[in-house]
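The next block holds one structure in the form of structure tokens; read it before the comments.
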Amino acid sequence: MGRAFEYRKASKMKRWGTMSRVFPKLGKVITMAAKDGGQDPDMNPKLRTAIINAKAQNMPKDNIDAAIKRASAKDLADIKEVSFEAKATNGVLLFIDCATDNNTRTVANVKAVLTRNGGEALKNGSLDFMFTTKSVFVFEKTEGMDIEELELELIDFGLEEIEEDVEPQENADDKAIIRIFGEFASFGELTKALEDQGIEISKAEIQRIANTPIELTDEQLEEVEVLIDKLEDDEDVQAVYTNIA
């Protein structure tokens, strides 16, 4: 997404962290991962990834441990992953990924937010050819890191693209980072390859990347951002992907 969007997103995520609104979402992912693959992060790559992403949002260790333990609770609700597709104003397309223990509630909430904020739900499958699912990793660029050498090291593990960027910080200088993109099926291999290189991953995700991103004016972006914010505020919504450049 655009730089202005990223700065606003960084500010919002910090506010969410302070208010602990993002922690239940992160906790849900951790619990799901622990339930599916066991509570040992060393033996469960999905759980290890969920913990990495939680730490990136400054989720306290006690919260992480509690989310892992919750996976063994006898009264744990059955949480399932569901996705919705939609379109907004200004040609914006939306993929909305959710994790829910009540699909009826989630469907109603997502559709209500779309309707009230200029969006429209689409039939699932409508955007299949508009997005490609990729493995995405972010880590800090350290002094002396050779990007070309790193690229050569990772190509055999599914690397498709590597880029240098800066990560917006609300009250500090931008942080130099490396972002890499790989094949969807290579997520595990790339994770291990980065760990073997001694690289501390700050974010590891499966993302839906738009095949044909669009540019928006600041005014158009602000209009669409209202809808995106409302969707992300819902407790069941884990991620909203768009075709905004």
Side-chain angles (χ1 to χ4, degrees), residues 1-26 53 56-59 82-100 106-124 126-134 136 138 163-177 179 181 202-203 205-245:
M1 294 184 182
R3 301 301 303 158
F5 186 93
E6 291 296 338
Y7 274 93
R8 284 194 285 268
K9 178 68 69 178
S11 176
K12 178 179 180 181
M13 291 308 290
K14 180 171 183 178
R15 183 173 71 252
W16 268 12
T18 302
M19 297 171 65
S20 297
R21 293 181 63 187
V22 73
F23 295 160
K25 294 174 182 277
L26 296 169
N53 292 331
Q57 297 299 333
N58 299 314
M59 186 173 181
V82 294
S83 297
F84 302 92
E85 298 171 30
K87 64 180 180 180
T89 56
N90 304 310
V92 173
L93 304 176
L94 306 169
F95 246 113
I96 307 157
D97 285 347
C98 303
T100 178
T106 306
V107 170
N109 288 350
V110 169
K111 287 186 174 180
V113 171
L114 290 170
T115 301
R116 293 169 186 165
N117 296 277
E120 179 184 342
L122 300 175
K123 181 180 178 182
N124 274 16
S126 301
L127 304 182
D128 281 351
F129 297 103
M130 304 298 292
F131 290 80
T132 301
T133 305
K134 299 282 187 183
V136 184
V138 177
E163 65 181 28
E164 298 183 54
D165 200 356
V166 292
E167 190 172 82
Q169 307 293 308
E170 187 178 22
N171 297 313
D173 292 337
D174 289 352
K175 182 194 299 182
I177 61 168
R179 183 181 293 108
F181 299 85
S202 59
K203 186 180 295 183
E205 297 177 321
I206 297 296
Q207 292 186 8
R208 303 181 193 270
I209 308 294
N211 296 328
T212 311
I214 62 172
E215 297 280 352
L216 296 183
T217 65
D218 285 345
E219 291 76 14
Q220 290 173 326
L221 185 59
E222 288 177 6
E223 181 182 353
V224 175
E225 198 178 20
V226 172
L227 169 58
I228 295 173
D229 281 351
K230 292 291 186 183
L231 286 168
E232 290 179 334
D233 282 344
D234 188 276
E235 63 178 347
D236 295 332
V237 174
Q238 290 292 323
V240 179
Y241 302 105
T242 81
N243 61 334
I244 301 172

For residues Ala88 and Leu227, report the shortest heavy-atom separation together with the two atoms involved.
CB-CD2, 3.6 Å
Quick check with a 6.0 Å cut-off and a 45 degree axis cone: is Arg208 positioned over the face of Phe95's six-membered ring?
yes
Taking all non-hydrogen atoms of both residues into account, name the closest pair between Ile206 and Tyr241 and its distance.
O-OH, 3.1 Å
Show the nearest heavy-atom pair for residues Phe131 and Thr242, with the distance to one decimal.
CE2-O, 3.5 Å
Heavy-atom side-chain proximity of Ile214 to Val92 below 4.5 angstrom:
yes
Residues Glu215 and Gln220: closest non-hydrogen pair is O-OE1, 4.5 Å
Could you report the tightest heavy-atom contact between Ser202 and Ala56, atom names first, then the distance?
O-CB, 3.0 Å
Distance col, row Asn90:CG vs Leu216:CG, nearest 0.5 angstrom, shows 6.0 Å
Spatial distance of atom CD (Gln207) from atom CG (Asp97) [nearest 0.5 Å]
10.5 Å
Side chain Lys25, main chain Asp234, donor-acceptor under 3.5 Å
yes
Look only at the side chain of Glu85 and the backbone of Ser126, and say whether a donor-acceptor pair between them is shorter than 3.5 Å.
yes
Taking Leu94 as the fixed residue, which of Leu114, Leu127, Ile244 is the one that meets the side-chain contact (heavy atoms from CB on, under 4.5 Å) rule?
Leu114
Checking side-chain contact (heavy atoms from CB on, under 4.5 Å) for the pair Glu223/Thr89: CA distance, chi angles, key distance, verdict?
CA-CA 8 Å; Glu223 181 182 353; Thr89 56; 3.4 Å; yes
dist Arg179:CZ -> Glu167:CD (nearest 0.5 Å) comes out at 8.0 Å
Return the CD1 to CD distance between Ile96 and Glu232, rounded to the nearest 0.5 Å.
10.0 Å
Measure from the side-chain N and O atoms of Asn211 to the backbone N and O of Phe129, and report whether any donor-acceptor pair falls under 3.5 Å.
yes
Provide the closest heavy-atom pair for Val113 versus Asn117 in the form atom of the first, atom of the second, distance.
O-ND2, 2.8 Å
If only atom types and distance count, is the side chain of Asn124 paired as donor or acceptor with the main-chain N or O of Ser83 below 3.5 Å?
yes
Main-chain N/O of Leu93 paired to Asn243 side chain as donor or acceptor, under 3.5 Å:
yes
